[in-house]
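Note: hydrogens, waters and symmetry copies are ignored here, and every other heavy atom, side chains too, is used. Here, residue 1 is the first one in the sequence, and each next residue gets the next number.
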Amino acid sequence: MTYTYAFASDEDNGPTALAALQSKANQAQPRERCFLYAELVSQMTDLAGKQFNSGDSGKASQTLKLVQRYAEKIHIEVADDSKKLRDAELLIRRASFRLTGILSVASYEDRPALEVTLKQLNEIQSELSDARL
């Protein structure tokens, strides 16, 4: 099945750029990690959408697992008085919006992974919002 989904961003989220961002996030100061993990989630969401569009739901499912892993890291890092919480919240909101669009055209087989990831991102977005208050 081919998905028709327009991306809001044409950022370079190829393997090299993602690996560099992963390394940067893992080595960053605790206060900066939340935003960097949110950036990873955002770029990986774009990548998953492209993978779904190209018909490679296997790779897209693997990418969604990485999205879930980094979303969990955001959950852990929020408590560390993170910088740029508002920016991180906006990135997660954008990723949630994109996943909602992908979900609306996804095959029945792809829906469970998308729904789990979307639920997790919505919870993280709420947590980021609460942390800013």
Side-chain angles (χ1 to χ4, degrees):
M1 173 176 208
T2 301
Y3 298 97
T4 54
Y5 182 74
F7 294 98
S9 169
D10 287 334
E11 294 176 56
D12 178 16
N13 54 9
T16 304
L18 285 174
L21 187 54
Q22 287 171 330
S23 177
K24 182 178 178 180
N26 292 332
Q27 295 173 10
Q29 296 297 318
R31 292 177 46 110
E32 299 169 347
R33 286 186 193 139
C34 181
F35 173 77
L36 293 171
Y37 289 146
E39 184 66 31
L40 272 168
V41 165
S42 179
Q43 289 187 23
M44 287 180 174
T45 300
D46 279 343
L47 178 59
K50 290 176 184 177
Q51 290 166 333
F52 278 121
N53 278 341
S54 70
D56 195 347
S57 61
K59 280 188 180 178
S61 292
Q62 291 174 344
T63 302
L64 287 177
K65 287 180 183 175
L66 287 173
V67 168
Q68 293 170 10
R69 183 184 323 156
Y70 282 105
E72 181 61 29
K73 288 184 179 212
I74 291 170
H75 170 72
I76 293 167
E77 296 296 330
V78 168
D80 287 340
D81 189 30
S82 298
K83 292 168 60 174
K84 299 185 181 180
L85 282 179
R86 177 69 178 149
D87 292 339
E89 180 187 355
L90 291 174
L91 285 168
I92 297 302
R93 180 179 297 156
R94 183 174 172 266
S96 294
F97 180 78
R98 288 191 312 264
L99 279 180
T100 300
I102 295 167
L103 182 61
S104 70
V105 296
S107 70
Y108 181 75
E109 297 83 29
D110 295 330
R111 286 183 165 276
L114 285 162
E115 289 169 346
V116 166
T117 306
L118 184 58
K119 180 180 178 194
Q120 185 180 21
L121 292 184
N122 287 337
E123 290 170 0
I124 296 296
Q125 180 184 336
S126 177
E127 188 175 336
L128 286 169
S129 180
D130 291 345
R132 285 189 314 107
L133 300 178

Apply side chain to side chain donor-acceptor pair (under 3.5 Å) to Gln68 and list each qualifying residue two or more places apart in sequence or on a separate chain. Thr117
In Å, rounded to the nearest 0.5 Å, how long is the span from CG of Leu118 to CG of Leu99? 5.5 Å
Can you name the closest pair of heavy atoms from Ala71 and Ile124 and give their distance? O-CD1, 3.3 Å
Side chain to side chain contact (heavy atoms under 4.5 Å, CB included) between Glu72 and Gln120, intermediate numbers included: CA-CA 8 Å; Glu72 181 61 29; Gln120 185 180 21; 4.0 Å; yes
Measure the spacing between CG of Leu64 and CD of Gln51 and express it to the nearest 0.5 Å. 8.5 Å
Residues Val67, Leu40; criterion side chain to side chain contact (heavy atoms under 4.5 Å, CB included); working and verdict: CA-CA 8 Å; Val67 168; Leu40 272 168; over 6 Å; no
Phe52 to Ser57 - nearest heavy-atom pair and separation: CE2-CB, 3.9 Å
Rounded to the nearest 0.5 angstrom, the CD-CE distance for Glu39 and Met44 is 11.0 Å
Give a yes or no on whether Phe35 and Leu18 share a hydrophobic cluster (residues Ile, Leu, Val, Met, Phe, Trp, Tyr; joining criterion: side-chain heavy atoms under 4.5 Å apart). yes
Look up atom CG in Leu85 and atom CD1 in Ile92, then write down how far apart they are to the nearest 0.5 Å. 11.5 Å
For Asn122 and Ser96, work out which heavy atoms get closest and say how close. OD1-OG, 3.3 Å
Quick check on Arg69: does its CZ atom have over 12 non-hydrogen neighbours (other residues, nucleotides or ligands) under 6.0 Å away? no
Working to the nearest 0.5 angstrom, can you tell me the gap between Lys50 NZ and Asp46 CG? 6.0 Å
Between Ile74 and Cys34, the two heavy atoms sitting closest are CG2-SG, 3.9 Å
Thr45 side chain to Val41 main-chain N or O, any donor-acceptor pair under 3.5 Å? yes
Looking only at atom types and distance, does a side-chain atom of Ser104 sit under 3.5 Å from a main-chain N or O of Gly101, one as donor and one as acceptor? yes
Heavy-atom nearest pair, Gln43 first then Arg98, reads N-NH2, 4.4 Å
Nearest 0.5 Å please: distance from the OG atom of Ser126 over to the CD atom of Glu89. 8.5 Å
Ser23 meets the side chain to side chain donor-acceptor pair (under 3.5 Å) criterion, sequence neighbours left out, with Gln27
Considering non-hydrogen atoms only, spot the tightest contact between Arg111 and Ala106 and give its length. NE-O, 3.7 Å
Set of side-chain contact (heavy atoms from CB on, under 4.5 Å) partners for Lys24, sequence neighbours left out: Leu36
Test salt bridge (charged side-chain N to carboxylate O under 4.0 Å, His left out) on Glu115 and Lys119 and set out the steps. CA-CA 6 Å; Glu115 289 169 346; Lys119 180 180 178 194; over 6 Å; no
Check the hydrophobic clustering (I, L, V, M, F, W, Y; side-chain heavy atoms under 4.5 Å; chains of links allowed) and say if Leu21 and Leu66 are grouped together. yes
Under 3.5 Å: donor-acceptor pair, side chain of Asn26, backbone of Gln22: yes
